[in-house]
Amino acid sequence: MDYKVITSMEAFKPYYDKLNKASVIGVDTETTGLNPYMSKLRLIQLAYDDEVLVIDYFGVGSDINSYLSKILSGQAVKVFQNAKFDIKFLKANGIQVKGRLFDTMIAGQILRSSGGTPRVNLEGLVRHYLEEFVSKEEQKSDFSGCLTESQLSYAAKDAEVLLRLREKMVHELKRHKLVEVARLEFQCVYAIAHMEYRGIHLDISMWNKLTKKVEEEQSEILEKLYPYIGYPTVQLGFFESVEKSEINLNSNKQVIDLLKKYGLELENTSKHTLSRHLDHPIVKLLLMYRHTSKALTSFLYGINGQINPVTGRLHPHYGQIGAYSGRMSCGGPNIQQIPREDRFRSCFHAPKGRKLVIADYSQIELRVMAQITGDKRMIEAYRSGEDLHRLTASLVLEKSIDDVTKTERQSAKAVNFGLIFGMGAAGLKAYAAESYQSDMTIEEAELFRKRYFRAYKGVASWQRKIKKSLPDEERTLAGRKFVFRKDSGLSGRYNAPVQGTAADILKNALGSLVAKLPEDTYIVAVVHDEIVLECDEKKTLETASLLRRVMEEAGERYLKDVPVLAEASIADSWAGK
DNA sequence: TCAGTTCGCGCG
DNA sequence: AAAGCGCGCGAACTGA
């Protein structure tokens, strides 16, 4: 394969017009590391027609930025493997990427269950779709110094192969009717790349104060626990004395043994099991200890080290198709599981002069459910703006809507969410107790179940149909495909298209948001049915109404018979205040 | 000693 | 008849 190494602007200029006219460009970069703020962009490879340019960005310098931005924002389809990575590096160096994009990694994930390969790195995709081989990660090691012939040649091949990969994958996407979902995914790559690049602001001094506070709470709880578990002994180390307790409360094994001494024989120590014995003071204290321990180890301690020294912000990474259902996952840190308590969320506040605009969908999964099953009563309820949880309460309790109490509505909420995914009576009872502090007997749960499906006949018949046919394939409303093993149960078949369609809707919103957001307004977090923006404090009203409108329109594209509602609020922090 | 697995739990 | 789904992360545990 032929390639040209470009080390100066003069050498680049002859190719500029040809690149602007190209209809498809394979794009790859080589960098000195993984962090766009701390590592350097070394090579930019552009493959088009029968040519590959390998641009030595160290040699050419930033004079080339405006030319590359023009090319990469033009009408050509840009083909990347994991576009997010390259887009962030190009952006950090002042090179813009916009417009039509094809991401081979994401295409690979979409095609995974349609005769694709589980290995969606470049090597795996090339082997599977082209039956060829490309360099493994080890070969593209150090790009900071002098480049070898082999490094340049592998770099060129990585870009060149994208063009042929795309052709094969487009064919496969069409064959399996996955073009729409691919378009949806490609469209929101920019939103995610920009969100990761921008990060989210965490007030570290508030965070540290909260850490101290929770540590104090934990030692108070421990003081109360010592009478039951034994006081710690002070051991003299070489330089300091170390407190050492007889029992490790984090060891489930030891906790089970401990509880045995107090007459409790438990097979595990989960919250669910323990909460049946709240009358024992030790159990109550144990659960309180767990709560603080979880807060400290999972959230408070870990996060400080993850603040980017350059931006001073957190830069969580998102797995665009992180979950089987099509939902995104998040890590480093996982911003999607920060506790809802105000004292945690309020640490995520907008910087000075800026505000957060927080919007979430109202009961999106239930609305999706109504659309997918075509349930008349549910659709009617949403159309007339009824409170679906109240309606459900009145239907399963057989009383008038006005007589439904707050706690009854709370139980109905558990019924609504639980039964959709095939929960049995026992599961429903436990779920209602745990998630909604709602007490129901097993008989009540069974009765609710019966009446629920009598009331929502569309949901009942949809589930009956799935149960009977046990389909080995299902799709979301955007066409995302799920393949089920013969032996996989009902709940996955009930859940995947519902959760997946909700994910489609959110991604549709993200995709159309990118182009509409003004210059200094950023997406800073996405949590399944929620989008958080950061903007100038003077622009909050426009931003809030834009966000709400985009989210609702994204929903309406797929839910033709059910209204979609998003609620936006303006706040200083993620606690909403 | 260390990679891989399991448990428990935070979120939607 | 009975059945929640989807994640990531930290600590403990397991096995070679």
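Proteins come first, then strands; the chains are lettered A, B, ... in the order of their sequence lines, and each starts at number 1.
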Side chain of [X] only, heavy atoms from C-beta on: which candidate in [options] is closest?
X: S251(A); options: dA12(C), dG6(C), dC9(C); answer: dA12(C)
X: R340(A); options: dC11(B), dA3(C), dG10(B); answer: dC11(B)
X: P339(A); options: dC7(C), dC11(B), dG8(B); answer: dC11(B)
X: Q337(A); options: dA2(C), dG8(C), dT14(C); answer: dG8(C)
X: K467(A); options: dG6(C), dG8(C), dA3(C); answer: dA3(C)
X: N252(A); options: dG12(B), dG8(B), dG10(B); answer: dG8(B)
X: N495(A); options: dG12(B), dG8(B), dG4(C); answer: dG4(C)

Using OP1 and OP2 only, check whether a side-chain N or O of [X] sits under 4.0 Å from [N].
X: T297(A); N: dA11(C); result: no
X: S325(A); N: dC5(C); result: no
X: S329(A); N: dG6(C); result: no

If you measure from the Lys or Arg side-chain nitrogens to the Asp or Glu carboxylate oxygens, is any gap between R548(A) and E552(A) under 4.0 Å?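 Result for this pair is yes, salt bridge flagged.
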
Taking 4.0 angstrom as the limit, do R327(A) and E365(A) come out as a salt bridge? yes

At 4.0 Å (heavy atoms only), tell me whether G331(A) reaches a base, stays on the sugar-phosphate, or touches nothing. sugar-phosphate

Have a look at N268(A) and say if it touches a base, only the backbone sugar-phosphate, or nothing, with a 4.0 Å heavy-atom cut-off.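 Here N268(A) touches the backbone only, sparing every base.
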
In this structure, which stretches of DNA chain C are paired as stems of three or more consecutive Watson-Crick or G-U pairs, both distances less than 3.5 Å?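 Paired runs of 3+ in DNA chain C: B:1-12 with C:5-16.
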
Using heavy atoms and a sub-4.0 Å distance, could you list which residues of residues 186-217 of chain A are near DNA chain B? By number, please. none

Apply the side-chain contact (heavy atoms from CB on, under 4.5 Å) test between V524(A) and each candidate in I335(A), L533(A), V532(A); give the one that qualifies.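 Filter result, single survivor: V532(A).
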
